[in-house]
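For reference, the structure discussed in these notes is given below.
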Amino acid sequence: MKKAPREEPDERLNVTPPKTWATGVPAVTHALEYSLAETSVRRTGLTLLTMNQVGGIDCPGCAWADPAPGHRHVNEYCENGAKHINDEATSRRVTADFFRRHTVSGLGRRSDRWLNQQGRLTEPMVKRPGADHYEPISWHDALGLLADELRSLDSPDEAVFYTSGRVSNEAAFLLQLFARAFGTNNLPDCSNMCHESSGFALHETLGTGKGTVSLDDLHHADLILVVGQNPGTNHPRQLSALEEAKRNGARVIAVNALPEAGLLRFRNPQKARGIIGRGVPIADQFLQIRSGGDLALFQGLNRLLLEAEDARPGTVLDQDFIRSDTSGFEEFSRHARTVAWEDVLVATGLTRGEIEKVRDEVLRSERVVVCWAMGVTQHRHGVPTIREIVNFLLLRGNLGKAGAGACPVRGHSNVQGDRTMGVWEQMPDSFLDALREEFGFEPPRAHGFDSVNAIRAMGEGRVKVFVGVAGNFVRAAPDSDVTEDAMRRCRLTVHVSTKLNRSHTVCGETALILPTLGRTERDIQATGEQFVTVENSMSEVHSSHGRLEPASKVLLSEVAILCRLAARTLDASAGIPWAEFEADYGTIRNRIARIVPGLHDFNRRVARPGGIRLPNPVNEGVYGTATGKAMFTRNAWQMLHAPDEHLVLQSLRSHDQWNTVPYTDDDRYRGIHGSRRVVLVNPQDVTRLGLAPGQKVDLVSVWAGGADRRAEDFTVVAYPTSPGCAAAYYPETNVLLPLDSVAESSNQPTAKGMVVRLEPRG
Ligand SMILES: Nc1nc2c(c(=O)[nH]1)N[C@H]1C(S)=C(S)[C@@H](COP(=O)(O)OP(=O)(O)OC[C@H]3O[C@@H](n4cnc5c(=O)[nH]c(N)nc54)[C@H](O)[C@@H]3O)O[C@H]1N2
Ligand SMILES: Nc1nc2c(c(=O)[nH]1)N[C@H]1C(S)=C(S)[C@@H](COP(=O)(O)OP(=O)(O)OC[C@H]3O[C@@H](n4cnc5c(=O)[nH]c(N)nc54)[C@H](O)[C@@H]3O)O[C@H]1N2
Ligand code: SF4
Ligand SMILES: [Mo]
């Protein structure tokens, strides 16, 4: 089997002490340096100055929400947002000549970073059976080839359609419409690997998969818990929201396996005060938790709250809310009282005093928000952990009121919108019924493949055509060697992409690259210039208008590609007006308006500054759960355990990457420079395991009943992680993550909970 690519050698590794603050002047300077290296001053101006402004380009980075219109800064973006937008706006181009010069196998040996640096894809390319080169192909022939393959399948379920959260609502809606009209629910997406655990837990307990808070709620909370999240790097503008909340009197508690820079101290580049002073301390309390200890933490905390109510009845719990809005309290509270402190302390690595201090903060606070991300969802017990967070919120009525609620912080800028548009292999019948009413075909009802099951099905030959619209499936997915092998077994692999990545080099018998417009670019169709819409983490749907000239005249928009593909694949009698959709995106939104609750009158309302905030039923006291109430749940005790001489390894993002795409080899805030092949290990563990900082090791992951997996040639860095817990970068470590290692219920890969040993290299 082919090995995952080796990154550049790490002789240049230089480790400096981790930073204790985030953002500020150096951050802005870095953004401009990167931007000017990639593109021109004029293009930088067109993108950066309109970014996140009304009528401008939505940041293609994370899904953090924009302040209300009128409250935005001239520069309403963070350093990383600037990097992400310029990565797309780059002046570099990948042409047919590039593919003549490079074999597919040669490209397969290049690093993720090198592939991305080659620039924007410019024309459709095909790799024919047996060939080791991509060659140019016309749009007509490329879409014909794909349509023929799809039509020749024995069953529509032999195709999968992957999406990532970069695509617009309009494209996402058309993708799922096409897949379902074709006859399959095989719609795996990046969300399967991201917030799937949140969706499952919130659906089950609250009846909605989305967060319940707005930016305003955060600004007016008394207490905000930031759990398993690194906002300084991954959601930098969240720090501005936390700063504002603190100015309004909020307290912040950070729960993390690492002391992340942004959680400690923040310098706001938008304000003179931020530029000069030492910045604002963000976390009032920092709980350095052991990996996977969050379920235990919230169980311990909930037990303390119940006991506080026992001691002072009627003063701690929101009994009215519990009576009127919830079910299952008695059973939950009986169970919560049995949680043993010894277990909580071992699982969390915290002291009882630390957890009691959190309880005291909670008791002082009328309005509490809990934010969380991958440190919670990417664990075996991610779903019960989030259910326990919901228990915590319910106890004091911290839902459905201003300044309080649940805040799963989403990753990709439109990952939440994709789901709203029906990109999910398990969409409920209500959505499928609405599709049937609107378009007059019967959508398939059987659940489709999610990301993990799609890999299994490709590996077993049950899926023969893979179509990816955005993303880098091969690098995002777990078990890199297994995933690559599965892709290679396909008859046809197709990627609709803006930039070159490793997925293009891991080909089925035939492979297509279909280059597309990015969000930064002007999108002109038969009826004139189009815009698209996206939904952020706080359920706000707004428009994004591209400004730049397209990277190549040959590019088609995602919408156009999907419309033309659908028209070529489906019978004309299906009666879906694909040509009309391509010519005028407003006609797509008119259909969405009739299918998605809350988006009625979509075109008119989205034109208003700030767009549309989708209603969250929880905030109206409506719970679409099994009991019709918010559900307390009883979550069985779970703990992540690594055998002796092993560590729990989390795979995370550096400050200088976008998911599978490293921009440089530096991770400035963590003080790592010049190499990404490092493993961060607590100094006590370095000694205990007989290792030394700077030593070269292989990471070997163990999995019951499966073969060991190995990632070679990492350098040990002594780092203040929690004892027993190591960290290394994604996607270099995906090779270690067994396909079967998934979260219960959600089937999400456990990218933060791998069990590894460190083997010294000879
Ligand atoms: N610059 C940049 N921004 C991004 C991205 C990017 O790649 N680069 N990706 C986007 C996407 S798609 C996503 S989903 C988000 C991801 O945003 P995050 O979830 O912040 O991303 P990660 O780097 O995976 O970091 C997870 C954090 O959880 C902590 N952690 C790990 N295990 C545990 C645990 O068991 N308990 C607790 N309490 N903490 C733990 C880690 O130390 C780390 O701080 O970011 C989005 N924004
Ligand atoms: N080990 C480990 N694995 C993980 C994670 C982890 O923390 N650890 N995180 C998981 C998470 S949270 C996520 S979200 C996934 C991310 O998985 P993906 O979303 O699949 O990966 P990205 O790296 O965001 O995809 C980058 C590619 O998207 C394409 N692209 C960018 N913009 C556009 C566009 O506008 N249109 C089109 N058509 N293409 C575009 C470019 O070609 C680029 O190379 O990875 C998951 N995998
Ligand atoms: S916080 Fe997120 S959305 Fe905002 S500018 Fe930064 S990357 Fe873009
Ligand atoms: Mo994500």
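Just follow the structure's listing: the first ligand is 1, and inside any ligand the first atom is 1.
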Backbone or side chain, does any N or O of [X] fall under 3.5 Å from an N or O of ligand 2?
X: Gly471; result: yes
X: Val167; result: no
X: Arg519; result: no
X: His504; result: no
X: Thr660; result: yes

Counting both backbone and side chain atoms, is some N or O of [X] under 3.5 Å from an N or O of ligand 1?
X: Gln650; answer: yes
X: Asn256; answer: yes
X: Pro231; answer: no
X: Gly293; answer: no
X: Val227; answer: no
X: Arg670; answer: no
X: Ser654; answer: no

How does [X] reach ligand 1, by side chain, by backbone, by both or by neither, if only non-hydrogen atoms under 4.0 Å count?
X: His379; result: side chain
X: Glu260; result: side chain
X: Asp294; result: side chain

With a cutoff of 4.0 Å, is [X] in contact with ligand 1, counting heavy atoms of the residue only?
X: Gln378; value: no
X: Arg410; value: no
X: Gly61; value: no

Just which atoms of ligand 2 are under 4.0 Å from any heavy atom in [X]?
X: Val496; value: 37 (C), 38 (N), 39 (N)
X: Thr516; value: 36 (N), 37 (C), 38 (N)
X: Trp658; value: 23 (O), 24 (O)

Quiz prompt | Criterion side-chain contact (heavy atoms from CB on, under 4.5 Å) on Ile289 and Asn256, from CA distance to verdict | solution = CA-CA 6 Å; Ile289 198 162; Asn256 202 299; 5.9 Å; no
Quiz item: Has His235 got an N/O/S atom less than 2.8 Å from atom 6 (Fe) of ligand 3?
Solution: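 No N, O or S atom of His235 is closer than 2.8 Å to atom 6 (Fe) of ligand 3, so no.
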Which residue and heavy atom of the protein sit nearest [atom], plus the separation:
atom: atom 42 (O) of ligand 2; value: Lys499 O, 2.8 Å
atom: atom 20 (O) of ligand 2; value: Tyr162 OH, 2.7 Å
atom: atom 15 (C) of ligand 1; value: His235 CE1, 3.6 Å

Quiz item: Looking at Phe473, Tyr162, Tyr134, Phe466, which hits ring pair (Phe, Tyr, Trp, His ring centres under 6.0 Å) with His495?
Solution: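 Result: among Phe473, Tyr162, Tyr134, Phe466, Phe466 is the only option passing the ring pair (Phe, Tyr, Trp, His ring centres under 6.0 Å) with His495.
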Quiz prompt | Heteroatom N/O/S of Cys59 within less than 2.8 Å of atom 2 (Fe) of ligand 3 | solution =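 Under 2.8 Å: Cys59 has no N, O or S contact with atom 2 (Fe) of ligand 3.
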Self-check item: Glu535 and Lys210 ion-paired at < 4.0 Å
Solution: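 Here Glu535 pairs with Lys210 in a salt bridge, since their nearest N and O are under 4.0 Å apart.
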Quiz prompt | Sub-4.0 Å atoms of ligand 1 with respect to non-hydrogen atoms of Lys752 | solution =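 Ligand 1 atoms under the 4.0 Å threshold to Lys752: 24 (O), 26 (C), 31 (C).
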